[in-house]
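Report on the structure given below.
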Amino acid sequence: MNDLQSVVAHAKAAFELARTPAELENTKAQYLGKSGRITEMMKGMAALSVEEKKTQGAAINLAKQAIEAALNARRQALADAELQAQLQAEALDVTLPGRQRGSGGLHPVSLTLERIEAIFGSMGFEVAQGPEIESDWFNFTALNTPEDHPARSMHDTFYVEGGTEQAPNLLRTHTSPMQVRHAVQHVKKHRMAAEGSVPANALFSGAMPEIRVIAPGRTYRVDSDATHSPMFHQCEGLWVGENISFKDLKFVLTDFCRTLFEQDDLVLRFRPSFFPFTEPSAEIDIQFQSGALAGRWLEVGGSGQVHPNVIRNMGLDPERYIGFAFGMGVDRFTMLRYGVNDLRLFFDGDIRFLSQFR
Ligand code: PHE
């Protein structure tokens, strides 16, 4: 092996030994650098004849090219190895199952409320929302409940700050305050359109579109056991027009209950009762014809024909306008719908209970 061949062989071997790009560049300097072996050999040609220079120069150039080729090959190999190592370090195991984020769901009471709104919506009822902190006027007085009426104490009211002794504020004990709240707005709007103004204290006896509304929401009473919670849900219903009778009330509620429970043979009973804001008044009982509760009468709400005094408080002339109202226990419906026997389960927030409704 001549000198050049051995230089090339040494260079190749040295490049193979380099473990990193930095080491490789250092090794390169030993051959191709300013005082490297090849450079030294070039310098050594100065003493040669022209003929010798030609052949020796060509041979050195070939050797240099061979070293450069080996260098580049090794550079590429080191870069590949580096990339490979990086890919390995950052490897994703695509066969691992993904991390699951639990999906939430609506509360069973919300599911029932959604269904109630959909069913009444299909019967042409709009949905109104009222405040949970209510005035004594809308909760009691406007609903024909006199100051000393037993109904006020019957309701075991939570009173809250901010009102006066004559007009206290309270957490609404039922959704019925929405009857007058909503009707007053409805009457005002259509009276403005019809007459251009709304005179104080004069009852409206002109023509207007019917009031057909439900008002679902939270209600509060000082009460707590397996079937009573201090916070519970009701859904109010109100239909006021010129010719709305008890017959319409019976039809609407029967149709509603049968649709809600998806049982066409479900039977309703209107049991005579008393509410200050309806006359006559009736409790609504339902009876399933099949299933675990078949044959039992279950109370689900109150109802009645709107009392003329309440019609007046709506700003309407009771000689022309008449209607019915009802108030249903949404939690009760939810318990019956899903076979839940303790109301408190709805409000404990236990995920094991709630996740069953997802
Ligand atoms: N508000 C009554 C209650 O809470 C129910 C009811 C509503 C009765 C409308 C008649 C008319 O018990």
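Numbers for residues simply follow the sequence, beginning at 1. Both ligands and their constituent atoms are indexed starting at 1 by order of listing.
The closest heavy-atom contact to atom 10 (C) of ligand 1, among the options Ser303, Ala282, Gly301, Gly329, comes from Ser303. Counting only non-hydrogen atoms, the option in Pro276, Ser281, Ala325 that gets closest to atom 11 (C) of ligand 1 is Ala325.
One finds the CZ atom of Phe125 at 10.5 Å from the CZ atom of Phe256 (value rounded to the nearest 0.5 Å). Note that CD1 of Ile60 and CD of Glu40 are 11.0 Å apart. Values are rounded to the nearest 0.5 Å.
Counting the atoms of ligand 1 from 1 in the order shown, those under 4.0 Å from a heavy atom of Gln234 are 3 (C), 4 (O). For ligand 1, the atoms closer than 4.0 angstrom to any heavy atom of Gly327 are 6 (C), 7 (C), 9 (C). Ligand-side atoms of ligand 1 in range of Gln179: 9 (C), range being under 4.0 angstrom from any heavy atom. Less than 4.0 angstrom separates some heavy atom of Arg221 from each of these atoms of ligand 1: 3 (C), 4 (O), 12 (O).
Relative to the ring axis of Phe204, Arg191 does not place its NZ or CZ within 45° and under 6.0 Å from the centre.
Without hydrogens or angle criteria, Ser197 side chain to Pro199 main chain gives no donor-acceptor distance under 3.5 Å. Side-chain atoms of Thr145 never come within 3.5 Å of backbone atoms of Pro276 as a donor-acceptor pair (strictly under, hydrogens ignored). Asp285 places no side-chain N or O within donor-acceptor distance of the main-chain N or O of Trp297, the cut-off being under 3.5 Å.
Contact annotation: Met328 has no heavy atom less than 4.0 Å from any atom of ligand 1. Using a 4.0 Å cutoff on heavy atoms, Phe277 counts as a contact of ligand 1.
Ring to ring, Phe251 and Phe324 are not that close: their centroids are 6.0 angstrom or more apart.
Not one N or O of Thr173 is nearer than 3.5 Å to an N or O of ligand 1, by distance alone. Here's the thing with Ser176: one of its N/O atoms is less than 3.5 angstrom from an N/O atom of ligand 1.
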